[in-house]
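Worksheet: the structure to be examined is printed underneath.
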Amino acid sequence: MGIRFGGDYNPEQWPQEVWAEDLKLMKAAHVTMVTAGIFSWAKVEPRPGAYDFGWFDRVMDGLAGAGIEVCLATMTASPPPWLSRAHPEILPEGPDGQRRWPGGRQHYCPSSPVYREHAVRLVEQLADRYAGHPALALWHVGNEYGCHTRQCFCDVSAADFRRWLRERYETVDALNDAWSTAFWSQAYSDFAEVLPPRAAPTFPNPAQQLDYLRFGDDALRACYLAEKAVLDRRTPGVPVTTNLMPQHKPVDAFAWSTHMDVMALDFYQDPHEPDDHVRAGYAFDLMRSARSGQPWLLLEQAPGAVNWRPRNGPKPPGAMRLWSWQAVAQGADAVLYFQWRQSLGGAEKFHSAMLPHGGTRTRVHREVTALGAEFKALPDIAGTRSRADVALLADWHSWWALELDSKPSTALDHSRIALAHYRPLFEAGVACDVVPPDRELSGYRLVVVPNLYLLTARDATRLATYVRGGGRLVVSFFSGIVDEHDRVHPGGYPAPLRELLGLRVEEFWPLEAGSTVAVEGGPCAGRADLWSEAIDLEGAEALAHFTEGDLAGRPAVTRHAYGRGTVWYLGTRLEPGPLRALLDDVRAHAGVTPVLPDLPEGVQATVREADGGPHAPSRKYTFLLNHRTEAVDVALPRPLSDALAAATGAGSTAPTERITLPARGVAVLTAPEPAAETDEGAEGPASRG
Ligand code: GAL
């Protein structure tokens with residue numbers, strides 16, 4: 001079927017006369033899949049238990065007739081007004097006890113049995129009605145879990161939390177121990193005394209907050225799983241997914257990934273952010289890595305401007321195409337938008353759509369249609385995969401714990417720190433996976449640990465085993481400090497990593513807002529900000545020292561040979577230049593090279609490939625994406641053809657050793673003869689088998 005192309009389809013916003021035109025224009029725009037029904041609950045169940053699917057049957061039949069696949073939503077993302085009127089207890093409450101009223105969307109408490117029952121009943125109806133329907137290709141459960149209601153603090157949630165805690169800890173003594181309740185007279189004598197961490201006079205218990213974040217994620221996932229169970233039973237074989245959000249704190253994408261048949265992401269680049277494509281790169285790599293390289297779906301993006309930032313810039317010409325191809329280059333097998341036809345009313349009427357208010361004679365619609373034609377021209381990209389020699393570790397539990405209150409510094413922001421470590425790899429053109437700490441690491445030449453404040457003893461041992469076996473590891477400041485209950489590992493910081501790193505951190509020395517400190521030595525001379533630490537060496541060597549401030553003369557960056565491998569430690573956040581220099585040096589050590597040598601700045605290169613098996617030719621695509629706003633020349637290590645230009649008639653198939661990418665240009669390169677494929681040259685290191 002090739003790369004799926006299309007968007008959210010909300011026909012209930014339009015009279016039926018419009019639907020026929022929708023189908024005609026979708027075909028003309030090369031749409032192959034739509035996500036339908038996301039906000040249709042009130043229309044298909046206008047009164048409790050009274051279902052009206054007739055209109056939706058016509059939508060499904062029309063789409064099937066047009067040969068368009070449906071990613072069918074379970075319609076449970078926005079409960080209808082009658083439900084919250086009959087059962088106001090389904091409405092969520094904030095930590096301050098304030099109720100969130102209906103009138104927007106996602107106004108349900110994730111723990112509410114009433115909400116879940118009604119949702120499941122609707123999903124049973126839907127599944128039975130559309131099982132075997134020719135348009136049904138995929139289920140889309142809920143919508144962006146935790147987007148608006150991240151956590152609920154109501155009494156129903158409190159009771160569910162106590163159930164969750166009983167299952168986890170069994171006895172109240174175990175809970176008291178895990179939560180360090182000897183502190184501030186917080187010891188519980190009965191689970192019945194436990195509440196969510198509601199707004200309190202001062203810092204609520206950190207372990208309680210951490211467990212509440214875990215519980216909140218589990219509660220959202222329980223909603224998803226309740227619906228998925230119905231779908232698995234009633235439409236076996238139809239894959240089930242839900243649209244995750246990038247770097248979305250309430251939802252642990254790794255924990256969800258085992259319950260998703262295919263990963264799916266919504267990503268809204270900000271055209272006003274000059275390098276939002278790096279943030280996208282991180283999110284896309286995480287999506288691809290979450291299910292070990294399985295292709296994922298870009299389920300939503302904006303064709304142009306969004307409506308929900310303070311200032312909503314349109315995507316300049318070529319940007320939407322470039323960023324869509326970026327998703328494909330990083331493993332997506334679908335590019336879908338929010339939404340097909342731009343609404344006339346409601347909160348999203350100024351959000352761009354594939355078919356804008358201005359109709360087909362608009363730049364956005366022309367760009368959408370042209371992109372649809374491009375994906376159609378290269379169907380064999382779908383299903384191919386990428387390989388990476390570098391893994392960056394990410395962990396929601398550590399993120400949750402890191403950003404709780406009462407820390408040496410509240411300026412430690414997980415996403416920014418992760419991105420600071422990802423950026424130099426992305427900019428160097430290195431293929432990178434983003435994986436959780438419990439993933440098998442031995443296949444990677446280099447592992448980067450941006451900041452794992454919370455690290456279990458087990459995961460620390462796994463890191464040590466990886467290095468002992470010959471791995472190269474980079475660990476950044478304030479890692480390995482607490483256990484899974486936010487209790488400091490005893491034995492001096494960072495106790496579970498001390499032997500591996502060959503050092504001890506004597507004292508944390510966070511930097512004042514806006515201040516920087518000079519670091520000198522080895523490849524990383526320059527400045528650092530945010531954080532510093534007083535490091536004592538215990539076997540490691542200092543590669544660089546602080547050269548000013550309170551820690552002048554003490555190590556800032558260290559290296560330690562451990563077993564057959566090497567580990568580097570950064571006791572501060574190096575600014576982008578010195579961090580890039582250090583990581584380039586570490587990569588040289590680890591034998592990690594970019595996808596293409598001599599890649600010009602601002603050009604991204606990735607490879608997707610498939611060996612084809614005994615009956616199909618092998619396929620290998622090298623994607624070149626020019627994120628700059630001027631044309632750039634890229635030298636290729638051997639002659640390759642631009643399959644995209646050739647397939648769309650925009651260029652010749654002649655192999656070339658030099659290609660000019662226009663501003664925001666994209667090329668999809670293939671070797672002229674499959675038989676000529678080798679393991680060297682353009683596809684080089686990233687394709688190592
Ligand atoms: C997403 C959501 C869509 C639409 C879109 C607008 O968060 O899933 O329904 O609201 O944002 O950007």
Side-chain angles (χ1 to χ4, degrees), residues 6-14 33-43 70-80 100 102-108 110 119 138-150 220 223-224 227 241-251 253 256 260 263-273 276 279-280 283 287 296-315 319-320 323-324 327 332 334-357 364 368:
D8 280 17
Y9 184 36
N10 298 308
E12 67 272 19
Q13 295 179 17
W14 299 92
M33 173 179 268
V34 296
T35 297
I38 299 180
F39 298 105
S40 302
W41 192 346
K43 188 146 169 93
V70 176
C71 169
L72 183 51
T74 57
M75 308 187 176
T76 54
S78 190
R100 304 297 186 256
R105 61 178 176 183
Q106 219 173 69
H107 44 278
Y108 61 85
L138 177 69
W139 286 107
H140 171 171
V141 177
N143 191 60
E144 289 191 342
Y145 279 99
C147 171
H148 310 298
T149 301
R150 300 175 148 223
L220 291 169
C223 293
Y224 167 81
E227 297 187 23
T241 193
T242 184
N243 47 345
L244 302 180
M245 298 166 70
Q247 284 167 282
H248 183 43
K249 196 169 169 183
V251 167
W256 284 63
M260 295 170 64
M263 297 302 286
L265 178 73
D266 296 350
F267 197 94
Y268 288 89
Q269 285 92 346
D270 185 352
H272 286 169
E273 281 291 328
D276 221 23
R279 185 174 67 94
M287 273 305 114
W296 55 279
L297 317 173
L298 180 65
L299 220 51
E300 284 182 27
Q301 63 167 341
V306 300
N307 67 309
W308 41 262
R309 293 193 175 103
R311 289 159 197 249
N312 300 298
K315 293 182 176 173
M320 184 276 290
W323 295 335
S324 302
V335 171
L336 277 71
Y337 305 84
F338 176 85
Q339 61 176 334
W340 162 248
R341 186 185 278 272
Q342 192 168 15
S343 309
L344 295 179
E348 292 181 325
K349 55 187 170 297
F350 293 118
H351 192 292
S352 60
M354 300 167 77
L355 186 61
H357 290 151
V364 166
V368 162

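Atoms within each ligand, like the ligands themselves, are counted from 1 in listed order.
Between Asp8 and ligand 1, not a single N/O pair is under 3.5 Å apart. At least one N or O atom of His351, backbone or side chain, sits closer than 3.5 Å to an N or O atom of ligand 1.
Below 30°, between 30° and 60°, or above 60°: for Trp256 and Tyr224 the angle between ring planes is between 30° and 60°, a tilted geometry.
With ligand atoms numbered from 1 in the order given, ligand 1 contributes 4 (C), 5 (C), 6 (C), 10 (O) to contacts under 4.0 Å with heavy atoms of Glu348. Numbered from 1 in the order shown, with element, the atoms of ligand 1 that lie under 4.0 Å from a heavy atom of Trp308 read 6 (C), 12 (O). Those atoms of ligand 1 with a heavy atom of Glu144 less than 4.0 angstrom away are 1 (C), 2 (C), 7 (O), 8 (O). Within the listing of ligand 1, atoms 9 (O) sit less than 4.0 angstrom from a heavy atom of Phe39.
Proximity of Gln339 to ligand 1 is not established, as no heavy-atom distance is less than 4.0 Å.
To the nearest 0.5 Å, the span separating CG on Leu298 from OH on Tyr337 amounts to 9.0 Å. Interatomic distance, CD of Glu300 versus CG of Leu244, reported as 11.5 Å (0.5 Å rounding). Atom-to-atom distance recorded for Asp8:CG and Leu299:CG is 7.0 Å, nearest 0.5 angstrom. Distance check, rounded to the nearest 0.5 Å: CZ of Phe267 to CH2 of Trp323 gives 9.5 Å.
Nearest protein heavy-atom neighbour of atom 3 (C) of ligand 1: Glu300 OE1, 3.4 Å. For atom 5 (C) of ligand 1, the closest non-hydrogen atom of the protein is Tyr268 OH, 3.3 Å.
Only the side chain of Asn143 comes within 4.0 Å of ligand 1, judged by heavy-atom distances. Contacts between Arg105 and ligand 1, counted as non-hydrogen atom pairs separated by less than 4.0 Å, involve the side chain only.
Of all heavy-atom pairs between Ala302 and Lys315, the closest is O-NZ, 2.6 Å.
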Determine, stepwise, if the pair His107 / Arg100 fulfils side-chain contact (heavy atoms from CB on, under 4.5 Å).
CA-CA 7 Å; His107 44 278; Arg100 304 297 186 256; 5.7 Å; no
From CA spacing to verdict: side-chain contact (heavy atoms from CB on, under 4.5 Å), Gln13, Gln339:
CA-CA 12 Å; Gln13 295 179 17; Gln339 61 176 334; 4.1 Å; yes
